[in-house]
Amino acid sequence: MTNAASSGALEMDVTLNGGSEMPLLGFGTWQITGREAVDATVAALRSGYRHLDTATVYENEAQVGEAIRDSGVSRDDLFITTKLPPERAGGELETLRESLKLLDTDHVDLWLIHWPPDSGVGADIWRAFAEARELGLAKEIGVSNYSLEEIDELSAASGVPPAVNQIEWSPLLFDASQLEGHRERGIILEGYSGLRGGVLDSSAVIDISHRREVTPAQVVIRWHLQHGVVVIPKSRNPDRIRANADVSGFELSLDEMQALDRLSQSA
Ligand code: NAP
């Protein structure tokens, strides 16, 4: 993965440990359901997003499936993630098959344990995940909301490291040791809620957005991409959906990247 801040190049895909290519930019679908979920996801697909993030608990997998059909985009061109709530332990494959039915597909590209179970790190759940990968129902398997220690415990128990850890991430939460810790383990850090928490109102982000003549959200999304971190902005607004994906026309300098990194020290 190239860091564009230092080299000028920007990779838009990352290779996961199972060999799949994952687009660094995806469309998040939390808190959109029903017709709104269909419309927003169609707008995202028409704006060029080829990576969609959903979950069993979002209760919108059927709408995401409908949007894919409506958009006319080929399934082969898409990267689809869904997630299992750990409370479904014991019924993992059944839950995945239900997700596949709702999404109207025979596999997901990435299946995540949505958060660690109340006790332990989910070694039994993880065995079912490995089986789903063997069966071709999930091309890649990963976790969400896990600490590096929990990931190490899971990997040691199973010999199967997760491909991805999806965690809350933004300039306000930047932690170089977290980023490096994931990289050392060959695990892709996927950020969520990157536009939340007041980051769009921070003066560093606003200053850069004025200088670059882009929106604050575009600055934050570009910051993720230049760090090689997966980012999955969600919006229900078609103009924002489009703009959030339109981030290839400018590049943050090393100074700007570092100014954004430093926001976590004042947060
Ligand atoms: P987000 O995408 O960072 O931010 C969404 C919020 O920002 C919405 O209120 C949205 O409002 C607003 N927004 C979007 N684009 C904007 C723009 N250009 N300018 C100003 N405001 C903008 O937050 P998120 O939905 O929490 O996280 C992203 C995705 O990550 C989720 O949708 C979900 O797929 C995933 N996620 C995963 C977990 C997990 O536990 N694994 C937890 C949370 C989220 P409008 O809709 O009105 O535009």
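Start at 1 and go down the list; that is how both ligands and their atoms are numbered. This structure is a prediction, so every number in the text was calculated from the model and none was measured.
Nearest-heavy-atom check against atom 10 (C) of ligand 1 across Gln166, Lys234, Arg242 picks out Lys234. Among Val230, Thr29, Ile241, Leu195, the residue whose heavy atom sits closest to atom 7 (O) of ligand 1 is Leu195.
Not counting sequence neighbours, Arg196 has no partner by the salt bridge (Lys or Arg N to Asp or Glu O under 4.0 Å) test.
Ser155 places no side-chain N or O within 3.5 Å of a backbone atom of Asp152 that could act as its donor or acceptor partner.
For atom 39 (C) of ligand 1, the nearest non-hydrogen atom of the protein is Tyr192 CE2, 3.3 Å. Ranking the protein heavy atoms by distance from atom 11 (O) of ligand 1 puts Arg240 NH1, 3.5 Å first. Looking only at heavy atoms of the protein, atom 18 (N) of ligand 1 is closest to Asn244 OD1, 3.0 Å. For atom 32 (O) of ligand 1, the closest non-hydrogen atom of the protein is Trp30 N, 2.9 Å. For atom 27 (O) of ligand 1, the closest non-hydrogen atom on the protein side is Ser193 N, 3.0 Å. Nearest to atom 40 (O) of ligand 1 among the protein's heavy atoms is Asn145 ND2, 2.9 Å. In this structure, atom 24 (P) of ligand 1 lies nearest to the protein heavy atom Arg196 NE, 3.5 Å.
For the side-chain hydrogen bond (donor to acceptor under 3.5 Å, both in side chains) criterion with Arg222, the lone passing option out of His224, Gln218, Gln226 is Gln226.
The distance from ligand 1 to the heavy atoms of Ala217 drops below 4.0 Å at these ligand atoms: 17 (C), 18 (N). In summary, the atoms of ligand 1 found under 4.0 Å from a heavy atom of His114, numbered by their order in the structure, are 39 (C), 40 (O), 41 (N). Close approach of ligand 1 to Arg236 is summarised as follows: ligand atoms under 4.0 Å from at least one heavy atom of the residue are 45 (P), 46 (O), 47 (O), 48 (O). Set against the non-hydrogen atoms of Ile232, the atoms of ligand 1 under 4.0 Å away are 28 (C), 29 (C), 30 (O), 35 (C).
Ligand 1 has at least one atom lying under 4.0 Å from a heavy atom of Gly194. For the ligand labelled ligand 1, residue Tyr58 lies inside the 4.0 Å heavy-atom shell.
In terms of N/O distances under 3.5 Å, ligand 1 is not approached by Asn237. Annotation: Asp53 places an N or O atom under 3.5 Å from an N or O atom of ligand 1; distance criterion only. The shortest N/O to N/O separation between Pro233 and ligand 1 does not fall below 3.5 Å. Inclusion of Leu200 in the set of residues having an N or O under 3.5 Å from an N or O of ligand 1 is not warranted.
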Point to revise | From CA spacing to verdict: ring pair (Phe, Tyr, Trp, His ring centres under 6.0 Å), Tyr58, His114 | key: CA-CA 11 Å; Tyr58 297 172; His114 206 147; 5.8 Å; yes

Review point. Ring pair (Phe, Tyr, Trp, His ring centres under 6.0 Å) between Phe129 and Trp111: does it pass, once the steps are laid out?
Key: CA-CA 8 Å; Phe129 269 55; Trp111 192 32; 3.7 Å; yes

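By the 4.0 Å N-to-carboxylate-O rule, Asp53 lies close enough to Lys83 to be salt-bridged with it. A salt bridge does not link Asp104 to Arg75: none of the charged nitrogens lies less than 4.0 Å from a carboxylate oxygen. A salt bridge does not link Asp109 to Arg50: none of the charged nitrogens lies less than 4.0 Å from a carboxylate oxygen.
In the model, Ser235 has no side-chain atom that pairs as donor or acceptor with a side-chain atom of Asn237 under 3.5 Å.
Sorted by first and then second residue, the pairs that involve residues 72-93 and meet ring-ring contact (aromatic ring centres under 6.0 Å, His included), not counting sequence neighbours, are His51-Phe79.
Counting heavy atoms under 4.0 Å from ligand 1, residue Ser235 touches it through both backbone and side chain.
Pairing each heavy atom of Ser209 with each of Pro216, the nearest pair is CB-N, 3.7 Å.
Rounded to the nearest 0.5 Å, atoms OH (Tyr146) and NE2 (His182) are 12.0 Å apart.
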